[in-house]
Protein chains: 2
Amino acid sequence: MKPLTARQQEILDCIRRSVEKEGFPPTIAEIALAIGVSSPHGVREQLRALARKGAIELIPSASRGIRLLAKAEENPGLPLIGKVAAGRPLMTDAQVERHCRLGPELFEHKGDYLLRVQGMSMRDAGILDGDLLVIQREQEARSGQIVVARIDDEVTVKRLQLDGAIAYLEPANPEFSVIAVDLGRQQLCIEGIVVGVIRTRVD
Amino acid sequence: MKPLTARQQEILDCIRRSVEKEGFPPTIAEIALAIGVSSPHGVREQLRALARKGAIELIPSASRGIRLLAKAEENPGLPLIGKVAAGRPLMTDAQVERHCRLGPELFEHKGDYLLRVQGMSMRDAGILDGDLLVIQREQEARSGQIVVARIDDEVTVKRLQLDGAIAYLEPANPEFSVIAVDLGRQQLCIEGIVVGVIRTRVD
DNA sequence: TAGAGTACTGTTTATAAAAACAGTATCCGT
DNA sequence: ACGGATACTGTTTTTATAAACAGTACTCTA
C-alpha cells in the first residue's frame, strides 16, 4: 500500500476509532468535526485518496459507506525464535520465525517469547529436542530455575544453581556436563526464565 | 438477557452479517429487504424490542445507528479437562475446567481438547505430572502413538503398541508396568491421540 | 513551469434513511 | 376477555448524509 500522509493517517485513525467505539463508521461530516475541518468536501477528497491507496473502500450512495480494508492488525502473539545465531542478541527481527497466539491465561507466569530447544540436554526435566520454551525476559534468576543464559555469545538453556560467586548451569541429562561460571571473571548474562514448555509434535 | 423470538434472532443475525461483511450495520430498510418485510416500521419495532432486551443499542437520529452489544462470542479455544471422572465420557460440560485459546498454527496436528496429566507414568516421554496434553479426537491409533485410552471406565495416557489381537499400553517410566489388553475379550476404547504437550509451570 | 496530488472553505442539491402516523392481526398470560 | 407484546402493511414527514459545484492555496515531481 502506498504511504499515507499525516492527514490521511489521522482520518484513518478517526474512522477506526469510530468503528471500534460506536460500532459503525463515521459520516463525512463527523470526520470533519473530529479532525477540525469545517467543510465536508475536503474530507471527501481525502477519503477518495485513501480509497485510491487501498486503505478503505467507499460504497457510493450509502450512508457511512466506508469500509476499512487493512483492519487494525490483531495481537500477533509471541515471537518464536527458531535458531539462536551466535553473537547476536535474541529477539532481532531476523531470528523471529513467526508469531504464535497463546492464551496468556494458560501459563502461570507471563511469557515474552518462545524459543525452540536444540538438543537433549534438559531431557530429564521433560524438555526435549524441538520443544518450544515459553520465556519470560528477566535479567536475574533464582537458584533452581531453568534459565536462558548467554556465556561468551553462546546461548544455552540450563538449570541455574548459585553458590556464592560461582554459578552452575546444570543440564538435566547425565550425558552432559555442568558448566561452572566464575562470576568474578566471566560474565553470565541471563536472558530469561523458562515459564512453560510446548511440544508441537509427539512421536 | 431475555430470550429472543425467532424473528428477532433473524434480524440480529442479519445485522451481524452486515457488520461482518460490509463493515457497518444495515439501515432499517435494508433489514426489511433482507428478511422479506415490505415496511420499515415493522422492523423498527423489532429493533426497539431488541434494544429493550439488551441485544443492541439504538443511536437516535443516526443512520445505521445500531450498535451490537452482545457481540458474536469469539472463539473460546479448546476445552481443558482437568480431572477425568471415572465412568463418565470425556468432554461433558462438568469436566471442562475452562477454555484456552491456542494458535492452531502452532501444532502439527489439530487438537480438539486439552487434558491435564496426573502422575509420572509418561515421564521419559517428556510428559510430567500436571502437563496439559493436546488431544486430537480419534477412534483409532497406530502403533507407537501416545494415546488417551479407556479400559473399564479408567482413562489413561500411554504409548500404544499393537501386536495382533493384543494391544499393549506402555508407560514411559520403568516404575510403571505395561497394560496388555486382549482385544477379543476386553474392550479398548481410544479417546484420542496426543498431538502436543503444554507445561504451564516449570520448577 | 506545468500538472498532479494534497488540503482545504463554503454552498447547494439530491437522496438516503430515521421517525412518526394510522392502521390490522395474532398470540400469551392473567 | 382484556392488556400487552409481537408482528406486521402502507404512507408521510423530517432530517441526516452523500455528492456536486465553485473556488483557493500549497507542495511536490517531471
Side-chain angles (χ1 to χ4, degrees), chain A residues 1-70, chain B residues 1-70:
Chain A
M1 206 202 334
K2 280 178 209 159
L4 304 182
T5 66
R7 207 54 162 154
Q8 286 164 2
Q9 189 60 54
E10 197 184 344
I11 290 174
L12 193 60
D13 288 344
C14 170
I15 298 168
R16 272 208 255 269
R17 260 198 311 279
S18 173
V19 171
E20 192 63 35
K21 205 178 157 200
E22 308 291 339
F24 40 80
T27 65
I28 292 176
E30 282 165 4
I31 297 173
L33 190 72
I35 63 172
V37 156
S38 62
S39 172
H41 189 61
V43 174
R44 203 179 146 62
E45 276 178 53
Q46 301 288 359
L47 288 179
R48 270 203 263 259
L50 280 167
R52 267 199 308 280
K53 289 181 177 179
I56 61 172
E57 193 179 340
L58 292 173
I59 289 86
S61 304
S63 64
R64 304 176 192 275
I66 302 169
R67 186 178 301 157
L68 288 167
L69 292 181
Chain B
M1 207 202 335
K2 279 177 207 161
L4 303 181
T5 66
R7 206 55 163 156
Q8 286 164 2
Q9 189 61 54
E10 198 184 344
I11 289 174
L12 193 60
D13 288 344
C14 171
I15 297 168
R16 271 208 255 268
R17 259 198 310 279
S18 174
V19 171
E20 192 64 35
K21 206 179 157 198
E22 308 291 339
F24 39 80
T27 65
I28 292 176
E30 282 166 5
I31 298 173
L33 190 72
I35 63 170
V37 155
S38 61
S39 172
H41 189 63
V43 173
R44 204 179 147 63
E45 276 180 52
Q46 301 288 359
L47 288 178
R48 271 204 261 259
L50 280 167
R52 267 198 309 279
K53 290 180 176 178
I56 61 172
E57 192 180 340
L58 292 172
I59 289 87
S61 305
S63 64
R64 306 178 191 274
I66 303 169
R67 186 178 302 156
L68 289 167
L69 292 181

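Naming convention: chains lettered A, B, ... in sequence-line order (proteins, then strands); numbering from 1 in each chain.
Note: CZ (B/R64) to P (D/dT15) measures 21 Å, nearest angstrom. Put simply, CG on A/L47 is 13 Å from C1' on C/dA7, counting in whole angstrom units. Residue A/I11 contributes atom CD1, which lies 11 Å from atom P of C/dT6 at whole-angstrom precision. Rounded to an integer number of Å, the gap from CZ of B/R7 to C1' of D/dT9 is 13 Å. In this structure, CD1 of A/I59 is placed 13 Å from C1' of D/dA18, rounded to the nearest angstrom. Here C/dC8 presents its P atom at 14 Å from CD1 of A/I28, a figure rounded to the nearest Å. Atom CD in A/Q9 sits about 16 Å away from atom C1' in C/dT6, given to the nearest Å. Atom pair A/R48:CZ and C/dA4:C1' shows a separation of 16 Å (rounding to whole Å applied).
Residue A/V37 has its side chain nearest to C/dT9 when only D/dT6, D/dA20, C/dT9 are considered. Of all nucleotides listed (C/dA16, D/dA7, D/dA20), D/dA7 comes nearest to the side chain of B/Q8. The side chain of A/S63 approaches C/dA17 more closely than any other nucleotide in the set C/dC8, C/dA20, C/dA17. Set against C/dA17, D/dA19, C/dT6, the side chain of A/S61 has D/dA19 as its closest nucleotide.
Under 3.5 Å, the side chain of B/Q46 and the base of D/dC8 form no donor-acceptor pair of N or O atoms.
If you check every strand for non-hydrogen atoms under 4.0 Å, A/S38 touches sugar and phosphate atoms only. Within the nucleic acid shown, A/E45 comes within 4.0 Å of at least one base atom, counting heavy atoms only. Using a 4.0 Å heavy-atom distance criterion, A/S39 is classed as a base contact.
Of all the heavy atoms in A/L50 and A/L12, the pair that sits closest is CD1-N, 4.4 Å. Nearest heavy-atom pair, B/S39 versus B/A32, reported as atom, atom and distance to 0.1 Å: O-CB, 4.1 Å.
A close approach under 4.0 Å does occur between a side-chain nitrogen or oxygen of A/R44 and OP1 or OP2 of D/dA19. Phosphate proximity of C/dT6 to A/K53: present, with a side-chain N or O under 4.0 Å from OP1 or OP2.
The pair A/E20-A/R17 does not meet the salt-bridge criterion, since no charged nitrogen lies less than 4.0 angstrom from a carboxylate oxygen. Comment: B/R64 engages B/E30 in a salt bridge, judged by a side-chain N to carboxylate O separation of less than 4.0 angstrom.
A residue-by-residue look at A/A49 and A/P40 shows that A/A49 has its nearest nucleotide of DNA chain C further toward the 5' end. Of the two residues contacting DNA chain D, namely B/A62 and A/H41, the nearest-nucleotide position lying further toward the 5' end is that of B/A62.
Between the side chain of A/S18 and the backbone N or O of A/F24, at least one donor-acceptor pair lies under 3.5 Å.
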